Amino acid sequence: MAVVYFASDFHLKSETEHSKDREQHILNWLESISDHAAELYLVGDVFDFWFDYKKVIPRGYTGILSALYALRKKNIPVHFFTGNHDLWMFDYFTKELDIPIYKNPIIREIQGKKLFIGHGDGLGPGDHGYKLVKKLFTNPLAQRMFRWLHPDVGIGLANYFSSKSREAQDAVQQFLGPEKEWLIQFAESHLPENDCDYYIFGHRHLPIDYLLSNKKSRYINLGDWISFRSYASMEGGHVQLNFYKNDQVFPYS
């Protein structure tokens with residue numbers, strides 16, 4: 001049976017020297033799954049920053065764009081979710097790569113299981129500061145004003161603030177327990193009406209496989225490719241965390 005893959009939080013930067021090794025691991029992994037993947041879900045923050053300019057493609061992303069194009073040429077469906085670092089994606093991927101963009105979580109049945117899939121930013125009871133910032137960043141006027149900046153200026157500013165945001169996220173690399181993990185709380189509150197088998201998120205930068213209170217559904221956090229090179233695979237209706245050439249780390253639960 002072909003395998004469905006999920007990955008998030010590559011955080012590739014337009015200045016490729018800062019993420020060159022990480023990018024090469026990602027490209028090698030994408031090539032390694034290309035002969036047997038049924039689908040690929042990229043669950044947000046693939047880029048440390050991305051903006052869909054009308055006439056400009058941000059420099060430094062040739063490798064990942066080519067790899068995704070190669071998967072599509074093999075008729076492997078690729079699904080792209082925006083995260084908090086690449087939420088300014090519009091139609092470039094859809095028009096040029098035939099890759100749909102999801103700006104909100106989705107529920108999908110795969111291999112007989114019901115999956116809730118989304119980046120995870122802004123979900124759950126906390127993160128109030130980011131929720132306010134997201135409203136600003138998704139405002140059409142704010143997006144139009146940013147577009148007026150020269151790309152050299154706009155991308156430079158965005159990369160600086162993206163790095164600060166990511167450093168704050170990376171600082172909490174331990175499982176805090178269900179009462180403090182906002183995405184677990186979101187999944188628990190979502191379960192009664194939707195009864196999903198798996199809740200698959202990124203954003204947290206920590207690989208987590210957690211059995212929810214109904215003793216059936218699981219919360220899976222995909223971790224990241226900065227510290228863990230972690231991803232999930234689904235085969236025969238079972239989702240599990242994996243680590244690409246990083247045997248010394250294990251999922252938190």
Side-chain angles (χ1 to χ4, degrees), residues 1-50 57-83 85-86 89 92-93 96-101 110 117 119 159 162-163 166 169-170 173 200-209 220-236 238-252:
M1 180 182 292
V3 184
V4 177
Y5 289 95
F6 307 85
S8 72
D9 294 275
F10 295 167
H11 283 278
L12 295 171
K13 296 179 72 69
S14 57
E15 299 94 343
T16 54
E17 65 269 21
H18 293 298
S19 57
K20 188 174 182 180
D21 291 342
R22 187 187 328 143
E23 182 187 43
Q24 192 58 57
H25 282 301
I26 293 164
L27 298 181
N28 292 344
W29 173 69
L30 290 173
E31 183 177 4
S32 74
I33 69 173
S34 64
D35 288 334
H36 59 272
E39 293 182 275
L40 172 63
Y41 288 80
L42 296 175
V43 192
D45 284 0
V46 166
F47 304 104
D48 212 42
F49 170 75
W50 177 278
I57 302 172
R59 181 177 179 176
Y61 296 137
T62 303
I64 187 68
L65 296 177
S66 298
L68 296 178
Y69 179 72
L71 291 176
R72 292 299 299 120
K73 290 290 284 184
K74 289 189 172 186
N75 293 319
I76 298 172
V78 177
H79 308 272
F80 197 107
F81 292 73
T82 59
H85 283 258
D86 45 21
M89 303 193 77
Y92 174 76
F93 269 46
E96 297 293 327
L97 301 174
D98 191 27
I99 294 176
I101 300 295
I110 304 175
I117 309 167
H119 184 61
N159 281 338
S162 290
S163 296
R166 178 167 44 77
Q169 183 72 31
D170 290 343
Q173 287 202 337
I200 298 181
F201 296 108
H203 187 53
R204 180 63 174 84
H205 285 225
L206 189 70
I208 302 171
D209 182 348
I220 305 288
N221 198 283
L222 299 170
D224 67 18
W225 284 68
I226 300 170
S227 301
F228 297 102
R229 297 200 295 273
S230 50
Y231 64 96
S233 59
M234 184 175 192
E235 188 172 7
H238 175 69
V239 177
Q240 69 174 28
L241 284 168
N242 308 278
F243 300 88
Y244 182 73
K245 295 186 177 180
N246 194 356
D247 297 331
Q248 302 304 309
V249 294
F250 302 93
Y252 288 76

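What you see below is based on every heavy atom in this structure, not just the backbone, and it leaves out hydrogens, waters and symmetry mates. Computed from a predicted model, the values in this text were never measured in an experiment.
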Taking all heavy atoms of Leu222 and all of Ser8, pick out the closest pair and write down the distance.
CB-OG, 3.6 Å
Heavy atoms of Leu12 and Tyr61 approach each other most closely as O-OH, 3.4 Å
Could you walk me through whether Arg204 and Asp9 pass side chain to side chain contact (heavy atoms under 4.5 Å, CB included), step by step?
CA-CA 9 Å; Arg204 180 63 174 84; Asp9 294 275; over 6 Å; no
Please work out whether the ring planes of Trp225 and Trp29 are parallel, tilted or perpendicular, with thresholds of 30° and 60°.
tilted
To the nearest 0.5 Å, what is the distance between CG on Leu241 and CG on Asn221?
8.5 Å
How many angstroms lie between CZ in Phe81 and CD1 in Ile117, if you round to the nearest 0.5 Å?
5.0 Å
If you measure from CG on Asp98 to CG on Asn75, what distance do you get to the nearest 0.5 Å?
9.5 Å
Which residues share a side-chain contact (heavy atoms from CB on, under 4.5 Å) with Gln24, sequence neighbours left out
Leu27, Asn28
Stepwise side chain to side chain contact (heavy atoms under 4.5 Å, CB included) test for Leu97 and Val78
CA-CA 9 Å; Leu97 301 174; Val78 177; over 6 Å; no
Not counting sequence neighbours, list each pair that qualifies as a salt bridge (Lys or Arg N to Asp or Glu O under 4.0 Å) and has a residue in residues 30-46.
Asp35-Lys74
Any side-chain heavy-atom pair from Tyr5 and His36 closer than 4.5 angstrom?
yes
Once you round to the nearest 0.5 Å, how far does NZ of Lys13 lie from CZ of Arg22?
8.5 Å
Nearest-0.5 Å distance, CD1 of residue Ile26 to CG of residue Leu42:
9.5 Å
What residues form a side-chain contact (heavy atoms from CB on, under 4.5 Å) with Ala70, not counting sequence neighbours?
none
Return the orientation label for the Phe80 and Phe93 ring planes: parallel under 30°, perpendicular over 60°, tilted otherwise.
perpendicular
Parallel, tilted or perpendicular, judged at 30° and 60°: which one describes the rings of His25 and Tyr244?
perpendicular
Where Ile76 and Ala37 come nearest, the two heavy atoms and their spacing:
CG1-O, 3.8 Å
Assess the residue pair Phe201 and Ile208 against the criterion (side chain to side chain contact (heavy atoms under 4.5 Å, CB included)); give the C-alpha distance rounded to whole Å, side-chain angles, the decisive distance to 0.1 Å, and a yes or no.
CA-CA 10 Å; Phe201 296 108; Ile208 302 171; over 6 Å; no
Begin from the C-alpha positions of Ile33 and Val3 and carry the test side chain to side chain contact (heavy atoms under 4.5 Å, CB included) through to its verdict.
CA-CA 9 Å; Ile33 69 173; Val3 184; over 6 Å; no
Please name all residues satisfying salt bridge (Lys or Arg N to Asp or Glu O under 4.0 Å) with Lys245, sequence neighbours left out, ordered by chain then number.
none
His205 side chain to Gly223 main-chain N or O, any donor-acceptor pair under 3.5 Å?
no
Minimum heavy-atom distance between Asp224 and Ile226, given as atom pair plus value
OD1-N, 3.2 Å
Report the residues that fulfil side-chain hydrogen bond (donor to acceptor under 3.5 Å, both in side chains) with Asn242, sequence neighbours left out, ordered by chain and then residue number.
Ser233, Gln240
side-chain contact (heavy atoms from CB on, under 4.5 Å) partners for Phe243, two or more places apart
Pro207, Phe228, Ser230, Asn246, Val249, Pro251
Roughly how far, to the nearest 0.5 Å, is CZ of Phe10 from CD1 of Ile64?
5.5 Å
